[in-house]
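Take a look at the structure below.
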Amino acid sequence: MTKRILVISWYFPPINSSEGLVTYKLLNNSKYNYDVYTQNTNNSWTYKKSEDIKINSNIERVYSPAKSLGEFKVEAVKYFEKNKNKYDIVMTRSMPEVDHEIGLEIKNIKPNIIWIASFGDPIAHNPFTIKSINVKNPYSLKNRYEHHMGLKEMLSPKRFLKSLLFDNNIKRNKKLFLDKNIDFQESVINLCDYVIYNSPNQKDYMLSTYINKEELDKKSIILPHSYDEKLYHKFNNKNEKKVFTYIGHLDTIRTPILLFEALKELQEEFPEISNLVEFNFYGNLSAADKLYLVDNYMLDLVHVKKSVTYLESLDIMSKSDWLIHVDANISDIVPSNIFFAAKLADYLGASKKIMGITMLDGISADILRENGALVMSHSKDEIKNYLYLIIFENYEVKMSSEARKKYSATKVAQDFDEIIKKI
């Protein structure tokens with residue numbers, strides 16, 4: 001008889017983050033039984049805490065008393081030491097990476113346990129992280145000095161030298177941070193028994209620097225993000241305007257600014273556009289992007305909405321005409337996009353038309369194309385042209401009901417169950 005499987009996941013419903021929901025949809029549709037060691041207090045980087053998601057009887061949640069990642073690690077290891085004879089398999093979910101730190105401790109305590117490490121994103125050589133730390137900070141002392149020099153306003157040479165020293169320390173700390181991530185990811189991938197990647201693109205990228213790539217490839221599992229049809233409601237409403245919706249996290253790197261610039265030009269050419277369409281953004285939007293909307297008098301066309309719960313987000317998708325997907329442009333770091341956003345799978349589940357702004361080579365573009373969605377590059381003119389066609393010429397796409405089936409939570413969980421059965 002198969003024992004219960006232990007899952008270490010900092011995020012799990014009712015704390016509804018992207019990673020927690022990916023884990024939930026997988027386990028909730030599996031035929032195996034799971035104990036999920038998680039927490040119920042910290043809801044940062046989430047859809048907000050919500051008890052409205054149904055947990056099936058095959059899942060038992062074990063709540064840690066911890067309120068910080070460090071405490072969570074200590075408490076999780078204590079829990080395993082007390083209950084190590086209950087489990088032959090443990091799965092750790094990242095992000096955050098502390099879950100894999102716990103996996104390393106568990107493997108040390110019980111070397112013969114089967115450890116499955118799941119990576120939502122790379123920890124080492126993460127292109128988004130690399131781009132983030134290379135972004136020039138306009139508020140740094142050095143940059144303020146350069147700005148003042150341009151205005152013939154001098155800072156003291158002593159203060160300037162201090163700023164250079166400060167910047168050099170930051171660069172050194174960044175290198176230490178990146179080196180630490182490389183060592184940590186190598187430890188996890190080498191010591192675990194299986195690794196879950198959400199796409200072949202992610203797997204190939206993460207293993208590209210390893211000498212023993214062929215050996216590590218044998219322990220690789222590809223499980224795409226999924227949607228759960230049981231969580232959606234059907235709506236027969238017809239919107240007075242065409243409704244375009246984005247739901248998720250945006251920032252200064254993963255930004256819709258090109259879309260906003262395209263809309264600004266269309267608004268100038270066609271002042272009546274706000275009577276025909278509306279663009280709704282739910283979730284985080286950078287201060288710079290919000291300011292752009294205000295400065296260009298676009299708030300009657302683009303609406304910045306408050307955050308919603310996960311189930312509310314699915315209803316909003318189902319009531320929309322078009323769903324907007326936005327990826328970061330990381331072409332200066334890597335030649336193709338390796339990031340499969342979990343939200344894209346939820347979009348597929350809503351059975352609505354999708355327009356994606358992404359790198360033309362990569363996992364998002366592949367998924368969008370195979371499902372019949374609209375794929376646009378990070379080009380303001382291209383985005384503007386397609387928006388014109390959609391708004392004024394009734395341009396349509398035909399989404400494939402067949403292609404999306406492989407991202408169904410039922411199908412993905414069945415594939416996972418077959419892997420567990422072999423294990």
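Here the side chain of Asn385 pairs a donor or acceptor atom with the backbone of Asp381 at under 3.5 angstrom. Side-chain N or O atoms of Lys219 include one that pairs as donor or acceptor with a backbone N or O of Asn190 at under 3.5 Å. Using a distance-only test at 3.5 Å, with no hydrogens or angles considered, a donor-acceptor pair links the side chain of Gln39 to the main chain of Thr41. Distance alone, capped at 3.5 Å, places no donor-acceptor pair between the Lys203 side chain and the Ile222 backbone. No side-chain donor-acceptor contact under 3.5 Å links Gln267 to the backbone of Ala262. In this structure, the side chain of His100 engages the main chain of Ser118 through a donor-acceptor pair within 3.5 Å. Using modelled atom types, one side-chain atom of Asn126 and one backbone atom of Thr129 make a donor-acceptor pair closer than 3.5 Å. No donor-acceptor pair closer than 3.5 Å links the side chain of Asn83 to the backbone N or O of Lys86. Judged by distance alone, with hydrogens and angles left aside, the side-chain atoms of Ser408 form no donor-acceptor pair with the main-chain N or O of Arg404 at under 3.5 Å. At least one donor-acceptor pair closer than 3.5 Å links the side chain of His378 to the backbone N or O of Asp327.
Between the side chains of Asp183 and Asn181, no donor-acceptor pair of N or O atoms lies under 3.5 Å. A donor-acceptor pair shorter than 3.5 Å can be found between the side chains of Thr255 and Asp289. A donor-acceptor contact closer than 3.5 angstrom is absent between the side chains of Asn371 and Ser400. Counted by atom type alone, Asn29 and Lys230 present one or more donor-acceptor pairs between their side chains at under 3.5 Å. When only modelled atom types and interatomic distance are considered, Glu278 and Asn280 share a side-chain donor-acceptor pair under 3.5 Å. With 3.5 Å as the limit, one finds no donor-acceptor pair spanning the side chains of Thr309 and Ser50. With 3.5 Å as the limit, one finds no donor-acceptor pair spanning the side chains of Asn16 and Tyr24.
Closest approach of Met298 to Leu263, counting heavy atoms only: CE-CB, 3.8 Å. Val375 and Glu382 get closest at one heavy-atom pair: O-OE2, 3.9 Å. Contact record, Lys352 with Leu323: CB-CD1, 3.9 Å, taken as the closest heavy-atom pair. Of all the heavy atoms in Val334 and Met359, the pair that sits closest is O-CE, 3.5 Å. Lys107 approaches Ile113 most closely through the heavy-atom pair NZ-O, 2.6 Å. In this structure, Ile354 and Ala373 approach most closely via the heavy-atom pair O-CB, 3.3 Å.
Aromatic ring centres of Tyr395 and Tyr386 lie closer together than 6.0 Å. Ring centroids of Tyr407 and Tyr227 are separated by 6.0 Å or more, keeping the two rings apart.
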Test salt bridge (charged side-chain N to carboxylate O under 4.0 Å, His left out) on Lys353 and Asp321 and set out the steps. CA-CA 7 Å; Lys353 297 185 285 289; Asp321 297 299; 5.5 Å; no
Are Val7 and Asp35 close enough, and set up right, to give a side-chain contact (heavy atoms from CB on, under 4.5 Å), and what steps lead you there? CA-CA 6 Å; Val7 179; Asp35 289 340; over 6 Å; no
Step-by-step side-chain contact (heavy atoms from CB on, under 4.5 Å) determination, Ile324 to Phe279: CA-CA 9 Å; Ile324 305 167; Phe279 288 76; 3.7 Å; yes
Residue pair Asn236, Lys234: steps toward the side-chain hydrogen bond (donor to acceptor under 3.5 Å, both in side chains) verdict: CA-CA 7 Å; Asn236 296 319; Lys234 300 296 181 184; over 6 Å; no
Does Glu261 form a side-chain contact (heavy atoms from CB on, under 4.5 Å) with Lys380? I'd like the steps, not just the answer. CA-CA 7 Å; Glu261 290 174 353; Lys380 180 197 68 176; 3.7 Å; yes
Could you give me the CA-CA distance, side-chain angles and deciding distance for Lys242 and Leu276, then say whether side-chain contact (heavy atoms from CB on, under 4.5 Å) is met? CA-CA 6 Å; Lys242 279 192 175 80; Leu276 303 174; over 6 Å; no
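Taking the side chain as every heavy atom from C-beta outward, Ile59 and Phe12 approach each other to under 4.5 Å. The shortest distance between side-chain heavy atoms of Val62 and Val36 does not fall below 4.5 Å. Looking at heavy atoms from C-beta onward, Ile221 lies out of side-chain contact with Tyr197 at the 4.5 angstrom threshold. In this structure, the side chains of Asn284 and Leu250 stay at 4.5 Å or more apart for every pair of heavy atoms. In this structure the side chain of Leu266 reaches within 4.5 angstrom of the side chain of Tyr388, judged on heavy atoms. Side-chain atoms of Arg61 and Ile55, non-hydrogen and from C-beta on, do get closer than 4.5 Å to each other. The shortest side-chain heavy-atom distance between Ile390 and Phe244 falls under the 4.5 Å cut-off. For the pair Pro14 and Asn40, the minimum side-chain heavy-atom distance is below 4.5 Å.
Salt bridge status for Asp88 with Lys3: present, with a side-chain N to carboxylate O gap under 4.0 Å. Between Lys384 and Glu265 a salt bridge is recorded (basic side-chain N to carboxylate O distance below 4.0 Å). Taking 4.0 Å as the cut-off between side-chain N and carboxylate O, Lys406 and Glu370 count as a salt-bridged pair. Taking 4.0 Å as the cut-off between side-chain N and carboxylate O, Asp417 and Lys31 do not count as a salt-bridged pair. In this structure, Lys218 does not pair ionically with Glu215, as no charged nitrogen and carboxylate oxygen lie closer than 4.0 Å.
Within 6.0 Å of atom CD in Glu51, more than 12 heavy atoms from other residues, nucleotides or ligands are found, so the atom counts as buried in its surroundings. With a 6.0 Å radius and a threshold of 12 heavy atoms from other residues, nucleotides or ligands, Ile211 has its CD1 atom at or below the threshold. Counting non-hydrogen atoms of other residues, nucleotides and ligands closer than 6.0 Å to NZ of Lys241 gives a total above 12. Glu269 CD: more than 12 foreign heavy atoms inside a 6.0 Å radius.
For the atom pair CD1 of Ile196 and CG of Leu223, the computed distance is 5.0 Å after rounding to the nearest 0.5 Å. Distance check: Asp315 CG to Met317 CE gives 10.0 Å after rounding to the nearest 0.5 Å. Once rounded to the nearest 0.5 Å, the distance linking CG of Asn28 with OG1 of Thr23 reads 11.5 Å. Rounded to the nearest 0.5 angstrom, His325 NE2 and Asp346 CG are separated by 12.0 Å. If you take CH2 on Trp115 and OH on Tyr194, they are separated by 14.5 Å, rounding to the nearest 0.5 Å. For the atom pair Asp415 CG and Ser30 OG, the distance stands at 11.5 Å (nearest 0.5 Å).
Judged by the 6.0 Å distance and 45° axis criteria, Lys319 is positioned over the aromatic ring of Phe235.
Ring pair Tyr79/Tyr37 is tilted by interplanar angle, where 30° to 60° counts as tilted. Ring-plane geometry between Phe416 and Tyr34 is classed as parallel, the angle between the planes falling under 30 degrees on a 0 to 90 degree scale with a further cut at 60. The aromatic rings of Trp10 and Phe72 lie perpendicular to each other, with more than 60° between the two planes, well past the 30° mark.
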